[in-house]
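Within every chain, numbering begins at 1; the chains are lettered A, B, ... in the order of the sequence lines, protein sequences first and strands thereafter. This is a predicted model, so every value here is computed, not measured.
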2 protein chains.
Amino acid sequence: MPTKSEENYIKEIYALEQKCNAEVSTNLIAEKLSAKASSVTDMLKKLSKKDLLIYQKYVGVKLNSKGREIALSVIRKHRLWETFLVEKLNFSWSEVHEIAEQLEHIQSEKLTDQLDSFLNFPTTDPHGEPIPNKNGEFTRIKTICLDELKEGNTGVFVEVRNDSDKFLKFLTKNSIIIGCSIKVIDKEDFDNSITIEIDDKQFSISEGVVQNLYLKR
Amino acid sequence: MPTKSEENYIKEIYALEQKCNAEVSTNLIAEKLSAKASSVTDMLKKLSKKDLLIYQKYVGVKLNSKGREIALSVIRKHRLWETFLVEKLNFSWSEVHEIAEQLEHIQSEKLTDQLDSFLNFPTTDPHGEPIPNKNGEFTRIKTICLDELKEGNTGVFVEVRNDSDKFLKFLTKNSIIIGCSIKVIDKEDFDNSITIEIDDKQFSISEGVVQNLYLKR
DNA sequence: ATATATATTTAGTCATGCCTAAAAATTTGA
DNA sequence: TCAAATTTTTAGGCATGACTAAATATATAT
């Protein structure tokens with residue numbers, strides 16, 4: 001059984017692998033986990049000895065199949081619990097991340113599977129992110145990032161790739177909620193911000209926001 | 001915020017206080033938590049410094065109001081989660097204890113309260129034990145231990161004070177389930193075992209079993 | 001090519017929560 | 001009452017998972 005700390009490292013390494021399509025560096029992990037690089041090195045050695053990842057000094061790290069399996073199990077639990085909190089306990093999508101960070105470490109395969117069944121085997125969580133099934137498989141819905149949409153075109157918002165409560169509260173305040181239609185009115189070259197229209201209201205959002213919003217393809 | 005370990009000590013001290021009506025000794029805590037007495041001393045000092053209990057060297061320990069509040073909060077969470085697992089996720093009463101031991105440490109008052117509401121504010125858990133409300137209050141149903149029932153009399157089984165899966169599986173196998181009627185047929189003086197009748201079937205149970213079974217008064 | 005900057009690892013430290021072994025306090029019983 | 005048994009505490013150690021500071025490896029730029 002991996003510890004909570006080990007699971008958090010593995011989960012983060014998995015996320016970075018997905019984003020970067022490359023070996024993950026010590027510093028990047030350290031930054032994401034708000035830890036020091038030396039602490040990361042310690043943990044990478046430990047996880048390597050436990051045969052959960054491939055660690056090459058000064059090069060980087062890559063999960064092996066055992067590590068990937070753990071990552072997917074933790075992600076599955078995280079997203080199932082988020083779904084439970086929103087659908088059954090009336091939480092908003094901006095409140096669930098922190099609590100799911102705790103619940104994702106509960107060890108009981110039966111619990112996870114019964115929860116999955118109780119929720120009717122959902123395929124996406126409240127943020128539109130895919131939920132791996134019991135075997136770690138999931139089909140990522142084909143999406144495009146909002147920044148790829150051309151001026152004048154409209155898309156349906158289906159996924160947000162940033163779980164922070166502040167970010168999600170900002171979206172909610174601006175009626176940017178899963179399922180809404182977003183029309184691109186104008187793109188600014190100098191700062192990559194764009195003006196969008198939702199429910200006949202127009203406003204501008206910065207590049208940092210745009211890059212986290214994904215539309216149905 | 002107390003750590004998981006601190007919460008477990010506080011919970012155990014609370015249980016022992018209830019059972020013994022006296023200061024709790026180091027050795028007793030050690031035995032219950034399968035730890036060494038020296039580890040217990042360390043923790044008692046720590047909890048005393050945190051002002052969660054009154055610790056007197058060589059005498060014993062007693063929770064103060066802050067400690068009691070924490071104990072009741074953990075017990076509340078434990079029993080709410082057990083209820084959730086049985087009522088919503090189709091677990092049996094013998095499977096839930098271990099999982100609830102993990103879930104009871106999740107820190108989110110809102111989660112606890114929403115769960116409570118989702119379950120319709122239950123007052124007892126699947127073992128018949130009372131669930132403290134948000135303010136830590138509960139009304140223990142008046143019960144008598146099965147060993148107090150006289151030969152020939154019948155009572156309704158409403159509470160079991162032993163959560164171990166082995167014990168509960170034994171009860172289930174013998175149709176001893178919450179709500180059933182138990183008639184005392186015969187009491188053996190030499191080993192305090194008794195013969196009971198449930199659903200027209202008679203069998204004998206040992207003193208150790210009898211002392212965990214409680215009937216409606 | 002090589003000096004400098006950056007990234008990474010190593011070495012040593014610390015708090016937590018556990019342990020063993022030894023010392024000290026308390027209780028028991030002859 | 002006082003020696004023996006028991007209980008409890010103290011002292012010192014260990015693994016985990018963090019840290020700082022120093023050393024080393026790699027990358028960059030002139």
Side-chain angles (χ1 to χ4, degrees), chain A residues 1-14 16-17 19-20 22-63 67 70-71 74 101-102 104-107, chain B residues 1-14 16-17 19-20 22-63 67 70-71 74 101-102 104-107:
Chain A
M1 287 290 108
T3 66
K4 193 188 277 198
S5 196
E6 289 170 347
E7 286 190 342
N8 283 331
Y9 272 88
I10 289 173
K11 186 177 53 146
E12 195 57 57
I13 293 164
Y14 180 87
L16 291 171
E17 274 180 355
K19 192 177 283 179
C20 310
E23 305 240 285
V24 180
S25 75
T26 302
N27 259 9
L28 195 51
I29 299 169
E31 192 198 316
K32 288 287 181 179
L33 293 179
S34 304
K36 301 299 168 184
S38 55
S39 309
V40 175
T41 301
D42 286 348
M43 183 59 92
L44 295 183
K45 281 180 185 169
K46 191 180 155 206
L47 293 173
S48 171
K49 212 167 86 184
K50 282 198 173 191
D51 195 29
L52 300 175
L53 46 73
I54 314 294
Y55 168 54
Q56 291 173 279
K57 270 194 198 177
Y58 297 104
V59 176
V61 79
K62 211 168 60 171
L63 294 183
I70 290 167
V74 174
E101 288 286 297
Q102 298 180 62
E104 73 189 5
H105 301 292
I106 302 291
Q107 305 275 11
Chain B
M1 286 289 108
T3 65
K4 192 188 279 200
S5 195
E6 289 170 348
E7 286 189 343
N8 283 331
Y9 273 89
I10 289 173
K11 186 176 55 146
E12 194 57 56
I13 293 164
Y14 179 87
L16 291 171
E17 273 180 356
K19 192 177 283 181
C20 309
E23 305 241 286
V24 180
S25 75
T26 302
N27 259 8
L28 195 51
I29 299 168
E31 194 198 317
K32 289 287 181 179
L33 293 180
S34 305
K36 301 298 168 183
S38 55
S39 308
V40 175
T41 301
D42 286 348
M43 184 59 92
L44 295 183
K45 281 181 186 168
K46 191 181 155 206
L47 293 174
S48 172
K49 212 166 85 184
K50 282 197 175 191
D51 194 29
L52 300 175
L53 46 73
I54 316 293
Y55 168 54
Q56 292 173 279
K57 270 193 196 178
Y58 296 106
V59 176
V61 79
K62 212 167 60 171
L63 294 183
I70 290 167
V74 174
E101 288 286 298
Q102 299 180 64
E104 72 189 5
H105 301 294
I106 302 291
Q107 306 275 13

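Proximity of T26(A) to the phosphate of dT9(C): a side-chain N or O atom is located under 4.0 Å from OP1 or OP2. Taking side-chain N and O atoms only, S25(B) has no distance below 4.0 Å to OP1 or OP2 of dT7(D). An OP1 or OP2 oxygen of dC19(D) is reached within less than 4.0 angstrom by a side-chain nitrogen or oxygen of S39(A).
Within 4.0 Å of T41(A), counting heavy atoms only, lies at least one base atom of the nucleic acid.
Considering every non-hydrogen atom in both G67(A) and I10(A), the closest pair reads O-CG2, 3.3 Å.
From E12(A), atom CD reaches atom CG of N8(A) across 8.5 Å, with rounding to the nearest 0.5 Å.
We find that CG of N8(A) is positioned 17 Å from P of dT16(D), with the value rounded to whole Å. Between the NZ atom of K45(A) and the C1' atom of dT8(C) there is a distance of 10 Å, rounded to whole Å. Rounded to an integer number of Å, the gap from CD of E6(B) to P of dC18(C) is 10 Å.
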Could you list, one pair per line, each protein nitrogen or oxygen that sits under 3.5 Å from a nitrogen or oxygen of nucleotides 21-27 of chain C, together with the distance?
| unit_1 | atom_1 | unit_2 | atom_2 | d |
| --- | --- | --- | --- | --- |
| dA25(C) | O4' | Y58(B) | OH | 3.4 |

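Side chain of K36(A), nearest nucleotide from dT8(D), dT10(C), dT20(D): dT20(D). Residue M43(B) places its side chain closer to dC18(C) than to any other of dT20(D), dT7(D), dC18(C). Residue N27(B) places its side chain closer to dT7(D) than to any other of dA18(D), dT7(D), dT8(C).
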